[in-house]
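Please read the structure below before turning to the comments.
Note on naming: letters A, B, ... go to the chains in the order of the sequence lines (proteins, then strands), and numbering restarts at 1 for each one.
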Protein chains: 2
Amino acid sequence: MKVKEVADLVGISVRTLHHYDEIGLLIPENTTDSGYRVYSEQNLETLQQILFFKELGFPLKKIKEIIYSPSFNRLDALESQYKMLLERRNRLDKMIKTIEKTIKHSRGEIEMTNKEKFEGFNFSRNPYEKEARERWGNAAVNESNARLAKLSESEKKELAEEFSAIYKKLAELRHLPADTEEAQAAIGEWYVLLNRMGSYSLEAFKNVGQMYVNDERFTKNIDRFGQGLARFMCDAMAVYADNNK
Amino acid sequence: MKVKEVADLVGISVRTLHHYDEIGLLIPENTTDSGYRVYSEQNLETLQQILFFKELGFPLKKIKEIIYSPSFNRLDALESQYKMLLERRNRLDKMIKTIEKTIKHSRGEIEMTNKEKFEGFNFSRNPYEKEARERWGNAAVNESNARLAKLSESEKKELAEEFSAIYKKLAELRHLPADTEEAQAAIGEWYVLLNRMGSYSLEAFKNVGQMYVNDERFTKNIDRFGQGLARFMCDAMAVYADNNK
DNA sequence: ATACAGTATTACGTAACGTGAGAGTCAATA
DNA sequence: TATTGACTCTCACGTTACGTAATACTGTAT
């Protein structure tokens, strides 16, 4: 299928398809000798998934990260998207209730507080950011765990020692501000080590840092090396990610 | 109410409020001596209306036109917005049905055509553009009619003669292409005359031209001066609007 | 006086295309 | 074969609606 056929079938513009190709979000499986894009069945399925995310307010960059993450599972994603779409409908239902009331209010039939007038209103950029982070923010972590499971005992031991060494180093530095050169050098090593295990984008790295303080299991585990280490690492990882964008 | 209070109540950013003030979409009723914006109850009601339109995908520029048109009626608008929100929910319902089916398809439980995979998908920029044009595209026409009703008989007669004169002139030119200098000069006079009656933005002018061919009553009335005059005027008005943007 | 939260303006940057231009491709038709 | 009209490509500027950051002022509680 070429661009017009896809665009008409799907309800988007040709320009959108071009754009998605440019940014690597949806790359046609083939091109003709003349350079025409040819989309496959698989491309259409990916496009459907992209558009569900788009409907939910996800930025394209984030959609790309999610879909092309090694641990992406289509059925899992569909099920999560389904839940989020139901939530979206609930929110719309609330807005509809609000406008019904507003019409009555406008006719002088009922009274309404200011709060009621905006019930169901949510114009944040990506209302599902939190859910998404919880659902897909762990992708790199999951990948790491998968790789870890495949290592031999001696390899695991060696890796554990590397982990310990960096934890200890970071523990010694934890009283410094998170944005110092020393702290950042050490956290850079942490970034490299993590990326030997999984594919951590800078954003994912930052999210993982957040997980260290939000998830008690991580906090507990990390703070064994020094009280407050999890907090320190979280901060340093955020600075690292922001400084290296 | 100041910006933070409004932003928190409504679920938008302070920056959005600034922006709306800048573009003249929502101008706070008062400002403090220090220059702080102070929003009134009336401002909140307008904001609510703005946000319903925003939810429906209307561009801010269009929202501004609608809301500040002299013939804008709040209750009428709420009722139309209500209908459009219901339509939006229907569309979302369709998308939810589609994802339900897609999940089953993914599990191998059912088959699905490509068309079915995109049932309910509509990513056009403003899905309600047509409804809006029909509903509010007539604003200037309504205003004209209101003014006309207030004229004395002699004023009406004089105006009718002016109208006839221009119709006749245009009828003579109707065999020319719509974009010729002569045609455009005459249609310019038509624009001026209409704007003595109501507030026709260029876009509204273009919409009205479209109405001449879409609405049989107009077509019939205008074509009395010459077969095909409505079509010709519609085309010329579109060219005029586009060339004078 | 200080600190902190809130507020203003200015202004550049971002995301996601829309739009237009100019040129090539393809298939039907004369 | 030439023509026509629909389709396609790339390039690139423009648009929309803010997000973000900087700098400075304001207001209130301690």
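- Looking at Tyr36(B), its side chain has no donor and acceptor atom pair within 3.5 Å of the base of dG27(D).
- In this structure, the ring of Phe121(B) has its center less than 6.0 angstrom from the ring center of Phe52(A).
- The nearest whole Å value for the distance from the NZ atom in Lys4(A) to the C1' atom in dC9(D) is 16 Å.
- Rounded to an integer number of Å, the gap from CZ of Arg15(A) to P of dG20(C) is 13 Å.
- Whole-Å rounding puts the His19(A) NE2 to dA12(D) C1' distance at 14 Å.
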Close N/O contacts between protein and nucleotides 1-5 of chain D (under 3.5 Å):
none

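- Straight-line distance from the CG atom of Asn30(B) to the C1' atom of dT7(C): 16 Å, rounded to whole Å.
- Atom CD1 in Ile23(B) sits roughly 13 Å away from atom C1' in dT15(D) (whole-Å rounding).
- Taking side-chain N and O atoms only, Arg37(B) has a distance below 4.0 Å to OP1 or OP2 of dT9(C).
- Set against dC17(C), dT8(D), dC18(D), the side chain of Lys2(A) has dT8(D) as its closest nucleotide.
- Backbone-only contact: Ser13(A) has heavy atoms under 4.0 Å from sugar-phosphate atoms and none from a base.
- At the heavy-atom level, Lys62(B) lies nowhere under 4.0 Å from the strands shown.
- Under 3.5 Å, the side chains of Asn43(A) and Thr46(A) contain no donor-acceptor pair of N or O atoms.
- Results of the side-chain hydrogen bond (donor to acceptor under 3.5 Å, both in side chains) test with Asn114(B) over Glu41(A), Gln48(A), Glu45(A) single out Glu41(A) as the only residue that passes.
- The side chain of Pro59(A) approaches dA16(C) more closely than any other nucleotide in the set dA16(C), dC7(D), dA8(C).
- For dA8(C), one of the phosphate oxygens OP1 or OP2 lies less than 4.0 angstrom from a side-chain nitrogen or oxygen of His18(B).
- Computed from coordinates, the Asp33(B) CG to dC25(D) C1' distance equals 14 Å when rounded to whole Å.
- For Glu5(A) and Phe123(A), each mapped to the nucleotide of DNA chain D holding its nearest heavy atom, the one lying further toward the 5' end belongs to Glu5(A).
- For dC26(C), one of the phosphate oxygens OP1 or OP2 lies less than 4.0 angstrom from a side-chain nitrogen or oxygen of Ser34(A).
- Residues Tyr191(B) and Met237(B) are not in side-chain contact: their nearest non-hydrogen atoms beyond the backbone lie 4.5 Å or more apart.
- Between Arg174(A) and Met233(A) the shortest side-chain heavy-atom distance does not fall below 4.5 Å.
- Straight-line distance from the CD atom of Glu22(B) to the P atom of dA11(C): 12 Å, rounded to whole Å.
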For the pair Val38(B) and Met1(B), evaluate side chain to side chain contact (heavy atoms under 4.5 Å, CB included) and give the outcome as yes or no after the intermediate values. CA-CA 5 Å; Val38(B) 182; Met1(B) 287 173 75; over 6 Å; no

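- Regarding contacts with the backbone of dC17(C), a side-chain N or O of Lys54(A) is found under 4.0 angstrom from either OP1 or OP2.
- If you check every strand for non-hydrogen atoms under 4.0 Å, Tyr20(B) touches sugar and phosphate atoms only.
- A donor atom on one side chain and an acceptor atom on the other are found under 3.5 Å apart for Tyr82(A) and Glu100(B).
- Going from atom CD1 of Ile12(A) over to atom C1' of dG18(C) covers 14 Å, rounded to whole Å.
- Ring geometry, Phe53(A) versus Phe58(A): the interplanar angle exceeds 60°, so the pair is classed perpendicular (tilted spans 30 to 60°).
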